[in-house]
Structure formats: structure tokens, C-alpha cells
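Taking it in order: structure first as C-alpha cells, then the write-up.
For clarity, every value in this text was computed on a predicted model and none was experimentally measured. Naming convention: chains lettered A, B, ... in sequence-line order (proteins, then strands); numbering from 1 in each chain.
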Protein chains: 2
Amino acid sequence: MIHQPLIEHVKKQVNASSEDLLLFTTKLREVAVAKGKFLLQPDTFVKHEYFVIDGCLSAYYLDQKGNKNIVQFAIENWWLGDFDAFYNGVPSKLYIEALEDSTLLAINYDDLQNLFQEAPIFERYFRLLVTSAFISQRKRILSSLGKSVKERYLEFCDKYPNINGRVPNYQVANYLGVTAEGLSRARKKLRELKKS
Amino acid sequence: MIHQPLIEHVKKQVNASSEDLLLFTTKLREVAVAKGKFLLQPDTFVKHEYFVIDGCLSAYYLDQKGNKNIVQFAIENWWLGDFDAFYNGVPSKLYIEALEDSTLLAINYDDLQNLFQEAPIFERYFRLLVTSAFISQRKRILSSLGKSVKERYLEFCDKYPNINGRVPNYQVANYLGVTAEGLSRARKKLRELKKS
DNA sequence: TAAATTGATTGACCTAAATCAATTAGCTTT
DNA sequence: AAAGCTAATTGATTTAGGTCAATCAATTTA
């Protein structure tokens, strides 16, 4: 069943009954995005949050100078969306692009609000999601301020296992805030260290 | 009345009735922290979130090497606490230290849960708080990855107006992820630019 | 007032990573 | 296999910011 990975994800976080889980699945809609296509583009109102069943996507902003700034990759079992736009009803500024053909589950804002009423355990589940996203961002800040490229790359590999080879390194470099050349050299040094 | 600044803060975010607001105030407790004292230290369980009425505090972690990493300053009208520890019931890893004699309002976890039951509008208020904290952190990541010290300092001044002179620059430097010398030079260049 | 602390600034030097330019390695497509 | 892309790597050079040490300024303490 397509919902299974998400059910497992919920179960890892909270103690939900079978009825709760069943109710949840009735609110989910399956979405497919082909490689290179966009799940989300700026200046749209965001009605859904997404859970990745299969595939790989990246979320990024363009800055004043038109430079791409990747804020998140999402692979299997990651939630993805634009919190700000989704919860606060403001137009999104985010691009979400599929780097591979991807299959997602989507939940609609109103359905989610109803779910909170009908099965309050999900209030807790989604709060835990936001909180851990917050913590993980904080970690990324501390890392970007104090750590070397080598260290940040290692943390990246830890945070996104299984992503190796699926995302071109120049995109990983963008996420890490370094140039493609910089990342290449960092990876080389790590290879040398490992050998000795 | 001491609660007034917080009431105003709530009113700016959500449409709460007088009864809601009154109920809220009954759950708040006043807390004073003297300069140099700690509101929070690692390995404690966090039962409160705090709103700054008056004063100035900083929140920081120590990394593996024992280096201080300031993640937040809080002055009048800022919320402050450890989301992770507070909501997830894990021991805190954060230090919160008063940089000036400070007066805060505290809300207890259980009281907050009751408040959500009794006046659900606060559910929305606190969700907006977390979301905007999340957005603001995201901005800080993009800034720390792509911007120069000069740019980051200007953004800092924008984010924390009225903080000038109240926090020593070497602490601001720490927050920005540069050395005190680095910040000093950046400020000098900005002064020169402004003159011409 | 002198002495001591604490924070800010400056100078000399160094290093990690950026930039620019070229080369190489993997691929598709023909 | 040749041609054409795209991504990754390498080399040469530059630069922002770090490090270390000294000085200066402003408070606090004696």
C-alpha cells in the first residue's frame, strides 16, 4: 500500500490507533512529479504539504542577484513544503523541483485542520515535525558558521544518507554554501584521509 | 500593568477576545533574572517559555571544543526558551544568560496546554510564533552561507534594533560567526562607506 | 588619582575557500 | 567510434576573514 511508509513514519513519532491512521490515509492524495518539473513555484498560494514516497526533490529560493539557494533536499520519508506559505496563507517564494521522477502524498490544509479535530494525536505528530525541523535548522546554522567544508559535507552525508549519486555535487555544494570546486577539493582531501 | 506588552504582542498576531486575554494573564508568572545570572542551564528539564518585558538575554550552546555559540539574543517583546526541550520533554542543552537585569513573564507547560483547550486562539498564536521563528532561522542560514560580514551585520542591526550599546560587540560577533576583530573591521568599512 | 579590568581597534601575517581558466571524465545521441 | 554535453576535477591566483600581538579607550576598583 502506498501509504505504508508514511504510516510507519507516524508510528515512529506518536502512538496512534489504527482508526486514527486509517482516518489519516483517507485525507491523503497521491501526486506524481516528473523529473525537472516543479511541485511549487513562487507567488502561488500553498494548499498542501507533501510526504515523499519515492524520488528526490530540492527546494530553493532565488536571491536578489538571481542566485539559487537550496534550502532542502527531500528523498524517501521526508516531509516537504513551505511552512510559511502553508500555515500563514501568504504567497510562496519557494521553488520545489523534482530531481527525479517522484511520487508524493499530499495533505490539504482544510483536511489537516479537520484531522486535528478528529484525531488530536496528529496535532502532536505535526508539532514534532515542525520542532525537529526547527532544531535541525539551528544545527545547520551552527554548522555553517563554525565548521569547515569538510565537516559540513560529512554532516550532509549523515543527514541525507542514500542521496549519494542521485543529486549532482554542484547542487550539494550550493546547499552547503560552497562552490562546486570547493566541494570537489574537500571530497578529495577526505578520500586521502580515509586511505591513510 | 506588567502584562501589557505581551497583550499587545498577542493582539498584533491574532484576534483574541478580552476574556481570552484575561485568561492568558492568569497563567503568567513574573520572573526576574539579575545580570550575569542564568535563566536556564544544560541538563535541566524545561517547564517554561519566557517573554521578555524588560532587559536583555542571550541563548547559547557550547560545542565539543567548549566554544560558545550564541543562537539568539532576546530583548523587550521577544519570546525565549528552548523549543526542543520544552515541547519534546528532553533535557536542555542550552544556556540562557541575562546580559542585563531582566524581567520576564513565564508560562508553564501544563498551563499552556490548558490554555489551548480553553482558548484555542492561542494555539494559533503560538503556532505563528514557531513558524516565524522557523522562517527567521531560514533567513539566517541563507545569510550565513552567502553574505559577507558587512551584510550580516546590517541584517543583525535590522533584526535587533535598540540593541546597540547593550550587548558588547564581541558577543554580536559570536552571533554572526566572526571574530571580534573581523566585526570591528567590517564596522569600520561601513562607517567609511557612510561618510562618502 | 592611580591602577586594574574589560572591550574595541589596529597592524602584520596566514589560511581556507573563491575565482578564473583549462582539462578530464562520463554520458548520450548520432 | 565520433561528436557533443554536462559534471567533476585540477592548477594558478586572489581575497575575505582568521590569528596573534600590541595598543587604545572606557570603566571600575582601590
Side-chain angles (χ1 to χ4, degrees), chain A residues 34-36 56 58 60 63 65-70 73 97-101 140-157 163-195, chain B residues 34-36 56 58 60 63 65-70 73 97-101 140-157 163-195:
Chain A
K35 178 174 177 170
C56 180
S58 79
Y60 60 87
D63 64 22
K65 296 165 196 151
N67 300 317
K68 201 164 156 172
N69 292 98
I70 299 178
F73 293 109
E97 181 183 352
L99 305 178
E100 303 173 355
D101 290 342
R140 196 175 160 205
I141 289 174
L142 295 176
S143 163
S144 72
L145 290 176
K147 305 276 177 74
S148 70
V149 177
K150 264 181 299 212
E151 289 172 302
R152 277 183 279 152
Y153 180 67
L154 289 175
E155 286 178 7
F156 174 85
C157 292
I163 209 174
N164 207 303
R166 297 170 64 180
V167 173
N169 279 332
Y170 71 91
Q171 301 225 39
V172 175
N174 182 297
Y175 175 89
L176 294 176
V178 291
T179 58
E181 297 97 317
L183 177 57
S184 171
R185 283 183 244 265
R187 281 161 38 88
K188 187 182 183 178
K189 274 183 204 158
L190 287 170
R191 280 197 303 274
E192 284 165 3
L193 283 175
K194 204 182 274 180
K195 255 182 281 178
Chain B
K35 179 172 177 171
C56 180
S58 78
Y60 59 88
D63 63 22
K65 295 164 196 152
N67 300 315
K68 201 165 155 172
N69 292 97
I70 300 177
F73 294 109
E97 181 183 353
L99 304 179
E100 302 174 355
D101 290 344
R140 195 175 160 205
I141 289 174
L142 295 176
S143 165
S144 70
L145 290 175
K147 305 276 177 70
S148 69
V149 177
K150 264 182 299 216
E151 290 172 301
R152 277 184 279 153
Y153 180 67
L154 289 174
E155 285 179 6
F156 173 84
C157 293
I163 209 173
N164 208 303
R166 296 171 63 180
V167 173
N169 279 333
Y170 71 91
Q171 301 226 38
V172 175
N174 182 298
Y175 175 89
L176 294 176
V178 290
T179 57
E181 297 96 318
L183 177 58
S184 172
R185 284 182 245 265
R187 279 159 42 86
K188 187 181 185 181
K189 276 184 201 157
L190 286 170
R191 281 196 304 274
E192 285 166 3
L193 282 175
K194 205 183 271 179
K195 258 183 279 178

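With distances taken from any side-chain atom of R187(A) to the nucleotides dA8(C), dA17(C), dT9(D), the minimum falls on dT9(D). With distances taken from any side-chain atom of E181(B) to the nucleotides dT9(D), dT10(C), dA17(C), the minimum falls on dT10(C). In the set dT10(D), dG17(D), dT10(C), dG17(D) carries the atom at the smallest distance from any side-chain atom of R152(B). Distance from the side chain of N169(B) is smallest for dA8(C) among the nucleotides dT10(C), dA8(C), dG18(D). Which of dA8(C), dG17(D), dG18(D) sits closest to the side chain of T179(B) comes down to dG18(D).
A heavy-atom distance below 4.5 Å is found between the side chains of F73(A) and L99(A). Put simply, the side chain of Q171(A) does not reach to within 4.5 Å of the side chain of Y60(A), judged on heavy atoms.
Nearest heavy-atom pair across E155(A) and S143(A) is OE1-OG, 2.9 Å. Scanning both residues, V149(B) and A186(B), for their nearest heavy atoms gives CG1-CB, 3.6 Å.
Rounded to whole Å, atom C1' of dG11(D) lies 14 Å from atom NZ of K189(A). Atom CG in L190(A) sits about 14 Å away from atom P in dA16(C), given to the nearest Å. Between the OH atom of Y153(A) and the P atom of dA17(C) there is a distance of 15 Å, given to the nearest Å. Summarising the geometry, the separation between CG on L145(B) and P on dG17(D) is reported as 14 Å, rounded to the nearest angstrom. Taking atom CG of residue L183(B) and atom P of nucleotide dA16(D), one finds them 17 Å apart after rounding to whole Å. E192(A) places its CD atom 13 Å from the C1' atom of dT9(D), with the value rounded to the nearest Å. The CG atom of N174(A) sits 15 Å away from the C1' atom of dA7(D) (whole-angstrom rounding). In this structure, Q171(A) places its CD atom 14 Å from P of dT6(D), rounding to the nearest Å.
Judged purely by atom type and a 3.5 angstrom limit, E151(B) uses its side chain to pair as donor or acceptor with the backbone of S148(B).
For K188(A) and dT9(D), the shortest distance from a side-chain N or O to OP1 or OP2 is not below 4.0 Å.
Nucleotides of DNA chain C nearest to Y170(B) and R185(B) differ in position, and the one nearer the 5' end is that of Y170(B).
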